[in-house]
Asker: 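The structure is given below, and queries will be raised subsequently.
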2 protein chains.
Amino acid sequence: MHEHFMILKRHNLKVTPKRLAILEILSTNQCLMTPEVVWKNLKVKMKKIGLPTVYRNLEELSKNGIISKVFHPDRKLYYYFCKSLQHHHHFVCLSCQRVEEINFCNIEEIQRSIEDKLNSKVLSHIIQLNGLCSNCLAKKSERSLKDL
Amino acid sequence: MHEHFMILKRHNLKVTPKRLAILEILSTNQCLMTPEVVWKNLKVKMKKIGLPTVYRNLEELSKNGIISKVFHPDRKLYYYFCKSLQHHHHFVCLSCQRVEEINFCNIEEIQRSIEDKLNSKVLSHIIQLNGLCSNCLAKKSERSLKDL
DNA sequence: TAGATAAATGGAAATGATTTCTATTTATCA
DNA sequence: TGATAAATAGAAATCATTTCCATTTATCTA
């Protein structure tokens with residue numbers, strides 16, 4: 001998609017077929033994916049693509065705020081980041097580590113709703129804000145700041 | 001501390017010197033600690049304590065909701081869990097991965113305040129609710145449920 | 001439009017946090 | 001106090017993630 005081309009350009013990232021393919025996959029399947037899953041999807045269309053390349057690119061895209069990274073109990077998960085989807089909520093079972101996605105907002109209400117809907121018990125919550133700290137913000141180019 | 005003794009009892013966990021020591025360390029230093037840091041602290045007072053033991057216990061205590069686990073970009077972090085401290089907020093820089101703790105609440109306000117105070121840019125947030133899913137809840141003993 | 005250059009890539013190998021295994025020790029409960 | 005299930009130590013294995021280095025590629029300029 002040409003949009004992805006432009007996004008990479010704006011962030012001063014080289015436009016490579018691999019990067020475009022990664023963005024394509026993440027934006028098409030708007031869900032949480034591990035680097036390995038992204039890689040397996042890529043291999044369907046591309047003969048040669050190394051797992052390290054996927055890791056490198058996911059990290060690079062995440063650092064630029066183009067995609068988002070979520071911290072799972074065991075592995076890293078990435079998802080396509082777009083303005084209309086600035087927050088993600090999940091419920092993590094402390095005991096079995098199952099992660100369930102949540103599609104509605106408002107913290108106290110969420111908590112009560114989750115408990116009802118999932119028949120579970122919410123013990124604590126973590127609000128994790130992702131962004132760019134002052135140092136990194138200063139290093140960003142004028143151009144790519146427009147995207148933020 | 002005798003309180004920790006009681007907590008372990010209520011959760012049907014054997015009361016061992018190691019477990020008490022781990023709880024002692026986490027409750028004394030109320031901050032995020034990696035398993036390795038906990039282990040290094042333990043070794044000051046205990047001659048023989050293995051790192052796997054620390055991992056096992058932190059996980060066990062976390063599964064019981066006695067301590068909490070936080071998902072860091074790179075490693076797992078644990079902190080002592082108490083009712084007066086049911087939520088934790090942090091700001092994670094997408095670029096350099098620095099994690100900064102936040103001590104105040106209210107999501108939109110947080111976002112604006114963070115940006116001002118840290119001179120940063122918040123791009124997205126994740127609300128992570130920790131608790132026990134219906135399956136695990138069902139398995140818990142009556143007795144330990146009182147703590148939740 | 002080709003050549004120079006810095007960045008991206010593949011593949012193998014290294015790293016390092018976390019887990020597993022097994023024999024031994026220990027807490028608990030009757 | 002003895003039986004038993006759970007906890008522990010220490011070594012070794014696992015496995016996600018990163019690094020290394022030689023090769024390829026995107027980009028920018030002449």
Side-chain angles (χ1 to χ4, degrees), chain A residues 2 4-23 32-40 42-43 45-64 66-67 69-78 96-97 99 141 143-144, chain B residues 2 4-23 32-40 42-43 45-64 66-67 69-78 96-97 139 141 143-144:
Chain A
H2 192 254
H4 295 154
F5 182 95
M6 292 308 292
I7 290 173
L8 292 173
K9 277 291 182 196
R10 266 201 299 276
H11 286 272
N12 291 319
L13 294 172
K14 282 194 182 175
V15 179
T16 71
K18 314 286 161 82
R19 280 189 181 149
L20 289 172
I22 288 172
L23 284 175
L32 301 170
M33 300 174 96
T34 62
E36 207 187 353
V37 168
V38 173
W39 179 59
K40 281 180 180 160
L42 282 167
K43 288 214 294 188
K45 301 224 162 175
M46 301 187 134
K47 40 275 148 187
K48 297 222 166 184
I49 172 119
L51 189 49
T53 300
V54 176
Y55 271 96
R56 268 187 302 248
N57 279 309
L58 288 173
E59 197 52 27
E60 193 63 35
L61 294 170
S62 166
K63 282 191 177 180
N64 281 276
I66 299 169
I67 64 175
K69 177 159 58 164
V70 151
F71 309 125
H72 182 270
D74 297 323
R75 302 147 127 257
K76 291 172 186 170
L77 296 170
Y78 294 86
C96 67
Q97 313 258 17
V99 176
S141 73
R143 207 153 142 243
S144 64
Chain B
H2 192 254
H4 295 155
F5 182 95
M6 293 306 292
I7 290 174
L8 292 173
K9 277 291 181 196
R10 266 201 299 276
H11 285 272
N12 292 320
L13 295 172
K14 283 194 181 175
V15 179
T16 70
K18 314 284 162 82
R19 278 187 182 153
L20 290 172
I22 289 173
L23 284 175
L32 301 170
M33 297 174 97
T34 62
E36 207 187 353
V37 167
V38 172
W39 178 59
K40 281 180 179 160
L42 282 167
K43 288 213 294 187
K45 299 223 165 174
M46 302 186 134
K47 40 274 147 188
K48 296 224 167 184
I49 172 118
L51 189 49
T53 299
V54 176
Y55 271 96
R56 265 188 305 253
N57 280 308
L58 288 173
E59 197 52 26
E60 193 63 35
L61 294 170
S62 167
K63 283 190 176 181
N64 280 278
I66 299 169
I67 63 174
K69 177 158 60 166
V70 151
F71 310 126
H72 182 271
D74 298 323
R75 301 148 128 257
K76 291 172 185 170
L77 296 170
Y78 294 86
C96 66
Q97 314 259 15
K139 288 185 206 135
S141 72
R143 206 152 143 245
S144 65

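Keep in mind that what you see is a predicted model, and the values were worked out from it rather than measured. Note on naming: letters A, B, ... go to the chains in the order of the sequence lines (proteins, then strands), and numbering restarts at 1 for each one.
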Asker: For Trp39(B) and dT8(D), what is the distance between atoms CH2 and C1' respectively, to the nearest whole Å?
Answerer: 14 Å

Asker: Can you tell me how far CZ of Arg19(A) sits from CG of Leu58(A), rounded to the nearest 0.5 angstrom?
Answerer: 11.0 Å

Asker: Rounding to an integer number of Å, can you tell me how far Leu20(B) CG sits from dA27(C) C1'?
Answerer: 12 Å

Asker: Is any side-chain heavy atom of Ile22(A) closer than 4.5 Å to a side-chain heavy atom of Thr53(A)?
Answerer: no

Asker: Is the shortest side-chain N/O distance from Tyr55(B) to OP1 or OP2 of dT19(C) below 4.0 Å?
Answerer: no

Asker: In whole Å, what is the span from the NE2 atom of His11(B) to the P atom of dA6(D)?
Answerer: 18 Å

Asker: Find the distance Glu36(B):CD to dT19(C):P and express it as a whole number of Å.
Answerer: 14 Å

Asker: Does Ile49(B) offer a backbone N or O that forms a donor-acceptor pair with the side chain of Trp39(B) under 3.5 Å?
Answerer: yes

Asker: One character per nucleotide, please: for nucleotides 3-14 of chain C, 5' to 3', B when the base has a protein heavy atom closer than 4.0 Å, S when only the sugar-phosphate does, - otherwise.
Answerer: ---BBSBBSB--

Asker: Report yes if the side chains of His4(B) and Ile7(B) come closer than 4.5 Å at any heavy-atom pair, otherwise no.
Answerer: yes

Asker: Rounded to whole angstrom units, what separation is found between the CD atom of Glu59(B) and the C1' atom of dT20(C)?
Answerer: 15 Å

Asker: Could you tell me how far apart Leu8(B) (CG) and dA6(D) (P) are, to the nearest whole angstrom?
Answerer: 16 Å

Asker: Take the protein atom CE of Met46(A) and the nucleotide atom C1' of dT24(D), then report the distance between them rounded to whole Å.
Answerer: 14 Å

Asker: Heavy-atom distance under 4.5 Å between the side chains of Thr16(B) and Leu8(B), does that happen here?
Answerer: no

Asker: Quick one: His4(A) NE2 to dA26(D) P, roughly how many Å, whole number?
Answerer: 18 Å

Asker: Please give me the minimum heavy-atom distance between Leu13(B) and Glu60(B), naming the atom from each residue.
Answerer: CD2-OE2, 3.7 Å

